[in-house]
Amino acid sequence: MNAPIELVIKKFEKVFIDRKNDIENYLKKYYNDLFNNRVVRNVERIDATHLIKTLGFRKNLSSWKNSYDNLVVSTCTKIKGEKKRFNYKFYFIEEKLSSEIVRQLEDIISDVNNLKEQFEFSEIFKRISNAEDLIKKKKDAYFNNLLINLKFEVKKAEEYYKDELKKITLLEQEVQKNQLKNDFKLAMNIAEEIINCARKFKLREKEKEFTDKNIELKNKAELYLSETITNLEAIAIIKKNEFLFDEAINFYENIIALLEKNEKNDLIDKYLKKKEEIKIEREEHQKNKELNQIRDQIAELEKDIMKNYDVGNHEEVLMQCNAIINLFEKIEELDSKNKYIEFIKEVKDKIAETLKQEEEITLRKKAVEKFLNLYDEQIKEKKKEQENLIRKAEKCNQLIEIQEDLIPIIEDFTVQDLLGDLSSDIQQQLEQLGSILEEHRVDVKSTISNRGIIIRSTGEALEIENEINANQIRSNEREVLYDVQIKLENQFDDVIEEAILTDLIPYNFEVVNIKISIKGIERAEEKILTKDGLEITWNLKKIQPKEKIEIVYDLRHRISRTIIFMLESQLKIIKTHVNIEETTPRMEGFHEASIPFINPGPNQLKGLIIEDIIPLYYIHNIKEPKSFIPRLDQSNKGDLIKWNIGTMGIDSINHHYKLLEIFKFEEIKLLIDEIDQEAFDCLKKKEISSSIEKYNEILAMLDKYFN
C-alpha cells in the first residue's frame with residue numbers, strides 16, 4: 001500500500017515539472033509525520049526564477065512553513081539549458097479558516113506591504129478593512145492580532161510620512177530665504193536635504209524639482225561670485241591705473257577672502273599672483289620716474305644718430321653712440337648697450353666694407369669666367385662624343401637610313417657575354433635573343449630636360465634644371481603634335497646679362513617647329529647629337545627685370561626601332577628612330593612610315609630580330625612585308641611589333657606602315673555607322689539597290705583608307 005506522500009505526489013504529478021523523485025524523497029525524509037497526520041487539499045507550482053538573482057542557483061532543496069502551516073518546497077533546475085526556480089506549495093485542510101480565505105488574507109497582507117513601500121496609506125486602510133471583513137465572524141486569534149499590529153504600524157508610518165512632508169515644506173521656505181540673501185551655498189545644502197527626503201518617500205516630482213533647483217542655485221552662485229569678483233577686480237584695476245597701488249592690493253585681498261569662503265581654491269593662486277604683480281608694479285613705478293628722464297635723453301640721441309648716419313657724418317655718430325652707451329649703462333640695459341657697441345663697429349667698418357664689396361665683385365666675375373670656361377669644356381667634350389657616335393653610326397649606314405637630327409646608338413657585345421651557350425636551333429636562338437631585347441630595347445622618353453646657366457649683372461652665376469612632360473597633346477589643322485613650352489622669367493631686380501639654356505629632346509620626338517618670344521633670334525646657338533637625344537642650346541642676352549621668355553617646341557612622335565642580330569661571334573644591337581611622314585596624296589589624319597633594312601653582305605646575319613614601337617594615339621596597318629607574321633604586343637609607350645626574321649643573306653626588307661590618328665579613326669567609325677544605318681533602313685524598306693550602294697560606299701571608304 002502506498003504511503004501518503006507517494007499518493008500526494010501521484011495525485012498532483014502534473015504540477016511537478018522536474019525533480020519529482022527528489023521532492024518525494026525529500027518529503028519522506030523531513031516531513032513524513034506531517035503528511036501522515038494531515039490531508040493535502042492542493043499543490044500549487046509557483047515560478048520563482050526571479051529569486052535566482054538574489055538567492056542563487058542551488059542544487060539542494062529547501063523548505064519552510066507559512067503562518068497557516070502550509071508547506072513550501074523550493075527547487076532549482078535546468079529546463080532546455082535555462083536555469084529555473086520553482087516553489088511547490090502544499091495546502092493542508094484547516095479547521096478554522098478555509099484555504100481560500102487564508103489565500104485572500106495572504107494576498108491582502110502582501111499587497112499592504114507593497115503599498116506601504118509606496119506610501120499609499122488610504123489604499124492600505126481599504127485593504128486592511130477588507131481583511132477584517134473576511135475574518136470578523138471567525139475567532140482566529142492569529143489573524144486578528146496580525147491585523148491589529150499591521151494597522152498600528154501603518155498609522156505610525158503615515159504620521160511619520162506627514163511629518164516629513166511638513167519638514168520638506170519648511171525646508172523649501174528656507175531655500176527661498178537664503179537665495180534672496182545670496183547665501184547660495186546654504187541654499188544648496190538645504191535643497192540637497194529636500195532631494196534626499198523626496199527620494200526616500202518616492203516623491204519623484206519633488207526630487208526632480210529640487211535637483212533642477214540645485215543646478216539653478218549652483219549656476220546663480222557661480223554667476224554671483226563671478227560678477228562680484230569681476231566688479232572688485234575692475235575697481236582694483238582702476239585704482240592701479242591711477243597709481244593707487246595700496247588700495248588696489250586691498251581689493252585683491254577681498255577677492256581672495258571671497259574665494260576662500262566659497263572654497264574656490266583653484267582660483268586663489270591666480271589672484272595671489274595678481275596681488276604680487278601689483279606690489280612689483282608699485283616698486284617699478286618708483287623706478288620708472290627716474291628712468292623716464294634718461295629715456296627721453298636716449299630718444300633725442302637716437303634721432304640725431306640716424307640723421308647723421310644718413311648724411312654720412314660718421315664722426316659725429318661715433319661721439320653720440322658713446323654718449324648713448326653711457327646712458328644705457330645707467331639703466332642697466334645691456335642689450336641696447338651692446339647694440340650700439342656693434343653699431344660703432346659697423347660705422348668704423350663702413351669704408352672697409354665698401355672696398356671689400358668691390359673686391360667681391362671682381363672675384364665673382366672671375367668665378368663666372370671660370371664657370372663659363374668649364375661650360376665650354378663640357379661643350380667640347382659633348383662634341384667629341386658626337387664625333388665618336390657619328391663614326392660608330394657610319395659603320396651601319398648601309399644597314400639603315402639615318403634621319404636628320406638623329407643618331408642611332410650601336411652596342412656591340414660578344415655572344416658569349418650576353419647569351420652564354422647559344423642553342424643551335426634557330427627558333428630557340430630567336431627566343432634567347434628576344435629575352436635580350438627586353439633589357440636592351442630602344443628608350444622611349446616622355447620628358448624634355450631643360451638646364452641652364454644664368455649670369456646676373458651683380459656677377460652672380462646660377463644653375464637651373466627642370467624636367468618637362470611632353471604629354472599634352474594638341475591637334476592642329478594637319479596632325480597631332482606635342483606642345484612643349486620652356487619658360488624663363490627674370491624674377492630679380494637686376495638685369496640677367498646672359499642666360500645659356502640647353503634643352504635635351506629625346507630622339508623618339510621629331511622637332512617639327514620652334515618658336516621663341518625674343519625678336520631677332522631665328523635659330524638656336526648650337527645643336528649637338530648626344531647618346532640621350534638632340535641637345536639644343538640658346539644664348540640669350542640682357543633679360544630685363546620681370547621680362548618673360550618662352551621657347552615653344554612643336555614635336556611629333558617617331559617610330560622607335562630596336563635591331564638585334566649576330567655577325568660571326570659578335571652580337572649587335574642598333575637603337576634608332578624613324579620619322580612619320582604624310583601620305584601621298586595627303587589624307588587628313590593619315591601618315592605612313594617606310595623603314596628599310598639592308599644587308600649589303602658579304603656576311604650572313606643570324607638571329608635577326610627587329611622590333612618597332614608605334615607611338616601612342618596612332619592605329620597602324622602593316623603594308624609590307626607580307627612574307628613575315630609579326631608578334632604584336634602593347635605597352636604604355638605604344639604598340640610593339642616584333643619581327644623574328646632569323647637568318648638573312650644579302651637582301652633587304654622594307655617595313656611599310658600606314659598610320660591613322662586615333663581621333664580620325666573615331667571620325668571614320670562614326671561616318672561608317674551612319675552609312676550602315678542608312679543601308680539597313682533601305683533594307684527594311686525593301687530598297688535593295690539603294691542598300692547595296694550604301695554598303696559599296698562603306699567598302700570604298702575602307703579600301704581608300706586602309707588598303
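For the residue pair T537 and E526, no side-chain donor N or O sits within less than 3.5 Å of a side-chain acceptor on the partner. A side-chain N or O of N579 and one of R558 form a donor-acceptor pair less than 3.5 Å apart. Counted by atom type alone, E302 and Y340 present one or more donor-acceptor pairs between their side chains at under 3.5 Å. Using a 3.5 Å distance cut-off with no hydrogens or angles, the side chains of D612 and Y657 do pair a donor with an acceptor. If you check the side chains of S594 and N654, you find a donor sitting under 3.5 Å from an acceptor. For N450 and D503, the side-chain atoms include at least one donor-acceptor pair closer than 3.5 Å. For the residue pair S449 / E467, a side-chain donor-acceptor distance below 3.5 Å is found, with atom types taken as modelled.
Between Y482 and H557, the distance from one ring center to the other falls under 6.0 angstrom. With ring centers used as reference points, Y309 lies under 6.0 Å from F343.
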Exercise for the section: Carefully, step by step, assess H620 and L632 under the rule side chain to side chain contact (heavy atoms under 4.5 Å, CB included). Expected result: CA-CA 11 Å; H620 69 272; L632 304 178; 4.3 Å; yes

Exercise for the section: Given side chain to side chain contact (heavy atoms under 4.5 Å, CB included), test I613 with L640 step by step and report yes or no. Expected result: CA-CA 5 Å; I613 302 177; L640 305 179; 3.5 Å; yes

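For the ring pair (Phe, Tyr, Trp, His ring centres under 6.0 Å) condition, the pairs that include at least one residue of residues 406-456, sequence neighbours left out, are F413-H440.
When H655, H577, E611 are each tested for a side chain to side chain donor-acceptor pair (under 3.5 Å) with R561, only one passes: H655.
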